[in-house]
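Contents: one structure, followed by commentary.
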Amino acid sequence: MGSLETERTTTGWAARDPSGVLSPYTYTLRNTGPEDVFVKVMCCGICHTDLHQAKNDLGMSNYPMVPGHEVVGEVLEVGSDVSKFRVGDIVGVGCLVGCCRNCRPCDSDNEQYCLKKIWSYNDVYTDGKPTQGGFAGSMVVDQKFVVKIPEGMAPEQVAPLLCAGVTVYSPLNHFGLMGSGLRGGILGLGGVGHMGVKIAKAMGHHVTVISSSDKKKVEALEHLGADDYLVSSDAEGMQKAADSLDYIIDTVPVFHPLEPYLSLLKLDGKLILTGVINTPLQFVSPMVMLGRKSITGSFIGSMKETEEMLNFCKEENLTSMIEVVKMDYINTAMERLEKNDVRYRFVVDVAGSKLDQ
């Protein structure tokens, strides 16, 4: 358990420009310290945000960029002051690798809202080096931003939980929506949405999936266990469902109108935005006023919530529905993700891939 004193190199797959095409890239891992954990990456989920970042859709991308923030790996070495982890532990790393640790969000276990948070990739670490993500052979991460994976959970199943899973769990937890008997809506049935159905059902909620077409209806009702399915363009169905939901978790990562969904909410209902959208959304104020409804947002979850969510999923035997691919398929996977052609999350088998070709 000696401290890590020397720099290491690793190979990942990086985007070099806004085309978003990934190719092998060897780089030096940042300097490590006594609080750090050296992780060999086993697998990593592909999130829609990886697509946004690789293609510079948000206008803030720096290249070369190794994406990936749903990382599961094995601890190979720990720093001298690391107390939470041991060599051989299976651990997870999510969207963040740093924060200031002395602001109000950090002091209240809400470090994901720290204004000085450091992203797992496309950011700069405290030593001035760029951060790189989990589409790579290894990472060095501060122990605060590493979570232990509960024993018995398959790494490839856990990976999407580190972003998609906690993105749903956190707002349900924060807004007091974990009690049984609530009626919830999940807007969009992708990586986040499918976990939303599973987690909300496990909490005892009546769950309605809302989608733009009926092509996922059978999967939603029969495979994921949703109670109802609404097609947003079905005016009659939407009218019948008006004033019926306590909350809607909106997972759609592209522009869409909000008013049709606000009409589905009960008095004091909440529309919770979780999709990253780079264009303004619109609504007319009476849609919110006449029902004291709220439009709010939630961003991933804290490290504490991530641990709680993993334990919840272990207890409830919840797994993600995934398609496992090798690294040399990643560009095709990104193209398919852009077309929503995945059920429901790609996970890259990093450890089983040849990274340098």
Side-chain angles (χ1 to χ4, degrees), residues 45 47-49 160-161 163-234 237-238 240-254 256-266 269-277 281 293-301 305 309 312-313 316 318-322 340 342-345:
C47 174
H48 208 279
T49 303
L161 302 180
C163 174
V166 76
T167 292
V168 173
Y169 183 90
S170 179
L172 294 176
N173 175 52
H174 174 74
F175 292 115
L177 298 169
M178 293 178 70
S180 64
L182 294 174
R183 300 179 71 91
I186 303 295
L187 176 54
L189 196 61
V192 176
H194 96 284
M195 285 312 307
V197 175
K198 290 191 165 205
I199 288 173
K201 283 297 297 179
M203 290 177 178
H205 298 183
H206 181 284
V207 178
T208 299
V209 169
I210 311 159
S211 190
S212 58
S213 76
D214 62 4
K215 66 182 181 180
K216 295 180 180 178
K217 183 174 183 177
V218 172
E219 294 168 48
L221 298 176
E222 296 183 9
H223 300 166
L224 295 174
D227 298 287
D228 281 316
Y229 190 95
L230 270 178
V231 177
S232 55
S233 58
D234 174 10
M238 292 287 282
K240 284 181 180 176
D243 193 34
S244 67
L245 301 178
D246 294 295
Y247 68 86
I248 296 172
I249 294 182
D250 182 346
T251 74
V252 178
V254 294
H256 56 288
L258 299 184
E259 288 162 4
Y261 312 110
L262 288 168
S263 69
L264 301 176
L265 294 172
K266 297 178 182 177
K270 289 180 168 54
L271 177 63
I272 304 165
L273 305 177
T274 64
V276 177
I277 305 169
L281 301 179
K293 300 171 185 180
S294 302
I295 299 173
T296 187
S298 182
F299 174 64
I300 52 171
E305 286 175 321
M309 177 273 305
F312 177 83
C313 289
E316 298 291 337
L318 298 185
T319 57
S320 48
M321 293 178 68
I322 59 172
N340 295 318
V342 58
R343 298 292 187 274
Y344 285 92
R345 201 65 145 191

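All values reported here derive from a predicted model rather than from experimental measurement.
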Using only atom types and a distance under 3.5 Å, with no angle test, would you say the side chain of [X] pairs donor to acceptor with the backbone of [Y]?
X: Lys216; Y: Ser211; value: no
X: Lys198; Y: Ser320; value: no
X: His174; Y: Tyr169; value: no

Give me the atom names and distance for the closest heavy-atom approach of [X] to [Y].
X: Met195; Y: Leu161; result: CE-CD2, 3.3 Å
X: Pro171; Y: Ser298; result: CD-OG, 3.5 Å
X: Phe175; Y: Ile272; result: CD1-CD1, 4.0 Å
X: Leu224; Y: Met321; result: CD2-SD, 3.3 Å
X: Cys163; Y: Ile300; result: SG-CG2, 4.3 Å
X: His205; Y: Tyr247; result: ND1-OH, 2.7 Å

Can you measure from [atom1] ([X]) to [atom2] ([Y]) and round to the nearest 0.5 angstrom?
X: Lys266; Y: Lys293; atom1: NZ; atom2: NZ; value: 12.0 Å
X: Met203; Y: Leu182; atom1: CE; atom2: CG; value: 10.0 Å
X: Leu265; Y: Ser294; atom1: CG; atom2: OG; value: 9.0 Å
X: Asp234; Y: Asp214; atom1: CG; atom2: CG; value: 9.5 Å
X: Ile295; Y: Ile248; atom1: CD1; atom2: CD1; value: 10.5 Å
X: Tyr229; Y: Glu219; atom1: OH; atom2: CD; value: 8.5 Å

**Asked** Taking Val209 as the fixed residue, which of Asp228, Leu187, Asp227, Leu189 is the one that meets the side chain to side chain contact (heavy atoms under 4.5 Å, CB included) rule?
**Response**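 So, applying the side chain to side chain contact (heavy atoms under 4.5 Å, CB included) to Val209 and each of Asp228, Leu187, Asp227, Leu189, only Leu189 qualifies.
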If we only count heavy atoms from C-beta on, is the [X] to [Y] side-chain gap below 4.5 Å?
X: Leu264; Y: Leu230; answer: yes
X: Tyr261; Y: Ser232; answer: yes
X: Leu172; Y: Ile249; answer: yes
X: Ser263; Y: Glu259; answer: no
X: Arg345; Y: Cys47; answer: yes

**Message:** Quick one, Val168 with Thr274, criterion side-chain contact (heavy atoms from CB on, under 4.5 Å). Give me CA distance, side-chain angles, the key distance, then yes/no.
**Reply:** CA-CA 8 Å; Val168 173; Thr274 64; over 6 Å; no
**Item:** Full working for salt bridge (charged side-chain N to carboxylate O under 4.0 Å, His left out) between Asp246 and Arg183
**Value:** CA-CA 5 Å; Asp246 294 295; Arg183 300 179 71 91; over 6 Å; no
**Message:** Just checking Lys217: does its NZ atom have more than 12 heavy atoms from other residues, nucleotides or ligands closer to it than 6.0 angstrom?
**Reply:**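 No, NZ of Lys217 has 12 or fewer neighbouring heavy atoms, counting only those of other groups under 6.0 Å.
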**Prompt:** Is the closest side-chain donor-acceptor distance between His256 and Asp250 under 3.5 Å?
**Reply:**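 Short answer, yes.
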**Request:** If the plane angle is over 60° it's perpendicular, under 30° parallel, otherwise tilted; pick one for Tyr344 and His194.
**Result:**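 If you compare the ring of Tyr344 with that of His194, the planes turn out parallel.
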